[in-house]
Amino acid sequence: MAGAVTVPDSAQRVAVVGGGPGGLYAAALLKRLDPARSVTVWERNAPDDTFGFGVVLSDETLGGIEHADPVVYAALQRHFVRWDDIDIVHAGTRQTSGGHGFAALGRKRLLQILHERCRELGVDLRFRSEAPDVDRLAAEHDLVVAADGVHSTTRDTYSDVFRPHVATHRCRYIWLAADFAFDAFRFEIAETEHGVMQLHGYPYSRPAPDHHPSTRPSGQPQQQCGASTVIVEMREEVWRAAGFDELDEQESVARCAKIFADALGGRPLRSNKSAWTTFRTVVNEHWSHGNVVLLGDAAHTAHFSIGSGTKLAVEDALALAACLTEQPDVTSALAAYEAERKPVVASTQRAARASLEWFENIGLYLDQPPRQFAFNLLTRSRRVTHDNLRLRDASFTEAVERDFGCPPGTPPMFTPFRLRGLTLRNRVVVSPMDMYSATDGVPGDFHLVHLGARALGGAGLVMTEMVCVSPEGRITPGCAGLYTGQQAEAWKRVVRFVHTQAPGTAIGVQLGHSGRKGSTKLMWEGMDEPLEEGNWPLVAASPIPYRPDSQTPRELTRSQLTDIREQFTSAAWRAARAGFDLLELHCAHGYLLSGFLSPLTNHRTDAYGGSLERRLRFPLEVFDAVRAVWPAERPMTVRISATDWAEGGTSAEDAVDIARAFAEHGADAIDVSTGQVVADERPEFGRSYQTPYADRIRHATGRPVIAVGAISSWDDVNSLILAGRTDLCALARPHLYDPHWTLHAAAEQGYDGPGAVWPAPYRAGSRRPQTGRTDAPKPRLTLGT
């Protein structure tokens, strides 16, 4: 790496590396904003060389272009193909959903428009030219925009500064084209003898006015018949089993056309130096170094299934140009650009990752009813939701609801759900939340008010915090227990209030033992920090401290395992006597039973360590013992951590096996959480980020699941349930913010039925209050004509 670079105050000499849409648009904007600037674009390929066929841009992106450069916008408008429908074809049926509003044009046409605009503005375009070394560019220019793509040389040169992370995924795909225009954005699923394959197709060139897709011969030229992008995708193992790894380009193209002959109407496909590849997700810790800044695929990538690559690059260009205009110097501008764009890109990448993984695991959903399958596909990225889809296509959404069993006017979240002998009146669960407010393990008035308020708030099931089975099994001195008669009587008081004052609301108890994560301060005094005095000895599967400053636990002996199992059964017996409707065994978050399940925390060499089967042994022994004393008609659930978010820990495949084992032993549902097993975890936080694990377990095991983790809106709850990704949704922080979250969700949706019953004293509050007007945000960058 070169030495320190002196960054100038203004960007008067600009070098752009890479002549893709992002680089060209950045060049045009920067020159338009300041005609005195010298802007040079280096592109290694010829002007007419392009790879890929059609480009999709959202209305949001087009709005930004319209305000920033009406000339480019007008040129795009003349060539866009617009459509509203999405067709999903699977198992011989086609489901169509409308109102989606896409716009596309050919990539070559987009580049031509940008070439012309750059030339009009005086940008120096250098084709068939390798850019000089980036150190030289940085020394000779005030700003270097690295738009050199997913294989960015600039990023590699300064990798120690940008700190890129590149993840390669499980599917192979190939970009192709068809010389006719699809009627809609089309997803077609083919179940072959080798496995599942999918086609993603969309039109990007209009057919001639007299063209009729069903009758036009396949030999007609593109300008008459239109054109469509066609991407064929499949898992790596399917790709190999089908023999694609042994075919050349033309053989692959012909094979794909044969497999998807129905979608193509028997027409051929064509390629343009097309090759099978695997998608690479690029994330950079930093986007700039000195006066060098990354843009587009050099900085980030997002899976093609949400059509975001060109969109993100163009939006990068808009933001970069705006920041250079608004900020006093290049350094401030690049910092502002990165601060503005990184959260937006991170959100898009989370959505793209969800979409990518959905297609990787598409085989899990093939048995779903056709309309539910289509709804699941449409909402896969969590960008399109139940409520959003109702606005786009109410008739389609209502049809999915009818198939699901929603009574007229009933949102999915307010449909009942049965677990063993317990029927929940809706799908909302108040998730277990440690309150650290008990005295000697006895829940007091705080617990009565806390849990009572949430029960009055309308949730179908209210869960206690983790209730500890022994004094040594507490996390903190403030944790509640069920190891004495006094504690049981106090819990009976809480249960009685819920059943009396919130009839129809179920209350469940979560039993657990802290293991190596015990003897710590109250959360607000220092989460996971050891007590300064009054410590008690810790026990665990293996003598591994949770943190370097944590107490080292003793490895449990066989006799101690028996004692702990009996502590769980005694607590379960007391819970039954207290009247709880449901019992959950806590086998997650690094507590005692979770510590046996994870290979990172279980290093035992006896019958309770080693393989997953042996690591499961003690948690299953505890489950069986508790199930034996828990009333047969009352359900039992198990909470697990489906991943440790750490290398070498529990994998998604392990989680399915763990869930299946508990299901075989009689668990009525699996409560699917993640992490908190090891202190050096690296969670991938985001909206409903843990749900894919619940989704996978549900479809792999056939057992009901409870999804948790950053589910905060009733729209998300409806979406997840209607798509079949979960059966129940557990929400924690939203219920701290609003104890009446469920009733308010009903009011906001205009629902007044048996799934959300307002307590009589609260009926006057069942109408949604009026709210004030909120203005829409102004365009990011507005320039005159």
Side-chain angles (χ1 to χ4, degrees), residues 1-47 49 69 111 114-159 161-162 164 284 286-300 313-325 327 329-338 341:
M1 175 179 163
V5 177
T6 300
V7 182
D9 290 339
S10 62
Q12 292 303 108
R13 295 168 299 166
V14 179
V16 179
V17 182
L24 290 169
Y25 193 52
L29 285 176
L30 291 172
K31 186 68 174 176
R32 175 167 154 72
L33 282 166
D34 185 353
R37 278 192 178 114
S38 168
V39 182
T40 305
V41 178
W42 278 270
E43 170 54 49
R44 67 177 64 181
N45 295 306
D49 287 349
D69 194 336
L111 293 176
L114 294 174
H115 292 162
E116 291 170 7
R117 186 58 173 153
C118 283
R119 291 190 182 100
E120 288 173 3
L121 293 168
V123 174
D124 181 5
L125 298 179
R126 301 184 182 183
F127 295 104
R128 300 186 182 89
S129 299
E130 290 285 349
D133 180 84
V134 66
D135 288 333
R136 176 182 163 190
L137 287 176
E140 296 176 352
H141 294 79
D142 302 315
L143 176 67
V144 178
V145 180
D148 47 348
V150 66
H151 302 291
S152 171
T153 300
T154 307
R155 187 183 66 229
D156 291 344
T157 300
Y158 297 143
S159 61
V161 177
F162 295 132
N284 283 279
H286 303 288
W287 289 14
S288 64
H289 169 54
N291 61 343
V292 179
V293 63
L294 301 178
L295 183 146
D297 283 355
H300 47 71
V314 168
E315 290 175 351
D316 283 354
L318 283 163
L320 179 61
C323 290
L324 285 164
T325 301
Q327 299 298 322
D329 52 58
V330 171
T331 300
S332 300
L334 298 189
Y337 160 72
E338 185 170 339
R341 291 298 295 158

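All of these numbers come straight from a predicted model, not from anything done at the bench. Below, each value reflects all heavy atoms present in this structure, side chains not excepted, and no hydrogens, waters or symmetry copies.
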*Asks:* Return the minimal non-hydrogen interatomic distance between A298 and A146, and the atom names on each side.
*Replies:* CB-O, 3.6 Å
*Asks:* Do the non-hydrogen side-chain atoms of V293 and L320 ever get within less than 4.5 Å of each other?
*Replies:* yes
*Asks:* With R128, which residues qualify under side chain to side chain donor-acceptor pair (under 3.5 Å), at least two apart?
*Replies:* none
*Asks:* Restricting to non-hydrogen atoms, name the atom on L24 and the atom on L111 that form the minimum distance, rounded to 0.1 Å.
*Replies:* CD1-CD2, 3.7 Å
*Asks:* If you round to the nearest 0.5 Å, how far is OH of Y337 from CG of L324?
*Replies:* 10.0 Å
*Asks:* Search all heavy atoms of A27 against all heavy atoms of V123 and return the closest pair with its distance.
*Replies:* O-CG2, 3.8 Å
*Asks:* Run the side chain to side chain contact (heavy atoms under 4.5 Å, CB included) test against A313 and tell me which residues pass, sequence neighbours left out.
*Replies:* none
*Asks:* My understanding is that only residues two or more places apart in sequence, or in another chain, count here; which of them pass side chain to side chain donor-acceptor pair (under 3.5 Å) with D148?
*Replies:* S152, T154
*Asks:* State the CG-CG distance between L29 and D34, to the nearest 0.5 angstrom.
*Replies:* 13.0 Å
*Asks:* Which residues pass the side chain to side chain donor-acceptor pair (under 3.5 Å) test with E116, sequence neighbours left out?
*Replies:* none
*Asks:* Between S159 (side chain) and T157 (backbone), is there a donor-acceptor pair under 3.5 Å?
*Replies:* no
*Asks:* What heavy-atom pair brings E43 and G19 nearest, and what distance separates the two atoms?
*Replies:* OE1-N, 2.6 Å
*Asks:* List for me each residue that meets salt bridge (Lys or Arg N to Asp or Glu O under 4.0 Å) alongside R126, sequence neighbours excluded, and say none if there are none.
*Replies:* D124
*Asks:* Enter the distance from C118:SG to Y25:OH here, rounded to the nearest 0.5 Å.
*Replies:* 10.5 Å
*Asks:* Return yes if some donor-acceptor pair links the side-chain N/O of N291 with the main-chain N/O of H141 below 3.5 Å, else return no.
*Replies:* yes
*Asks:* So, the side chain of N284 versus the backbone of W287: is there a donor-acceptor pair under 3.5 Å, distance only?
*Replies:* no
*Asks:* If you take all heavy atoms of P47 and H115, which pair is closest and at what distance?
*Replies:* O-CE1, 3.4 Å
*Asks:* Keeping the roles fixed (side chain from R37, backbone from L30), state whether a donor-acceptor pair exists under 3.5 Å.
*Replies:* yes
*Asks:* Any idea which heavy atoms bring L334 and G290 closest together, and the distance?
*Replies:* CD1-O, 3.5 Å
*Asks:* Distance-only, no hydrogens or angles: does the R155 side chain make a donor-acceptor pair with backbone N or O of V150 under 3.5 Å?
*Replies:* yes
*Asks:* Excluding sequence neighbours, so at least two apart, what forms side chain to side chain donor-acceptor pair (under 3.5 Å) with R44?
*Replies:* none
*Asks:* Whether R13 and E140 form a salt bridge (side-chain N of Lys/Arg under 4.0 Å from carboxylate O of Asp/Glu) is what I want to check.
*Replies:* no
*Asks:* In Å and rounded to the nearest 0.5 Å, what is the NZ to CZ distance from K31 to R119?
*Replies:* 15.0 Å
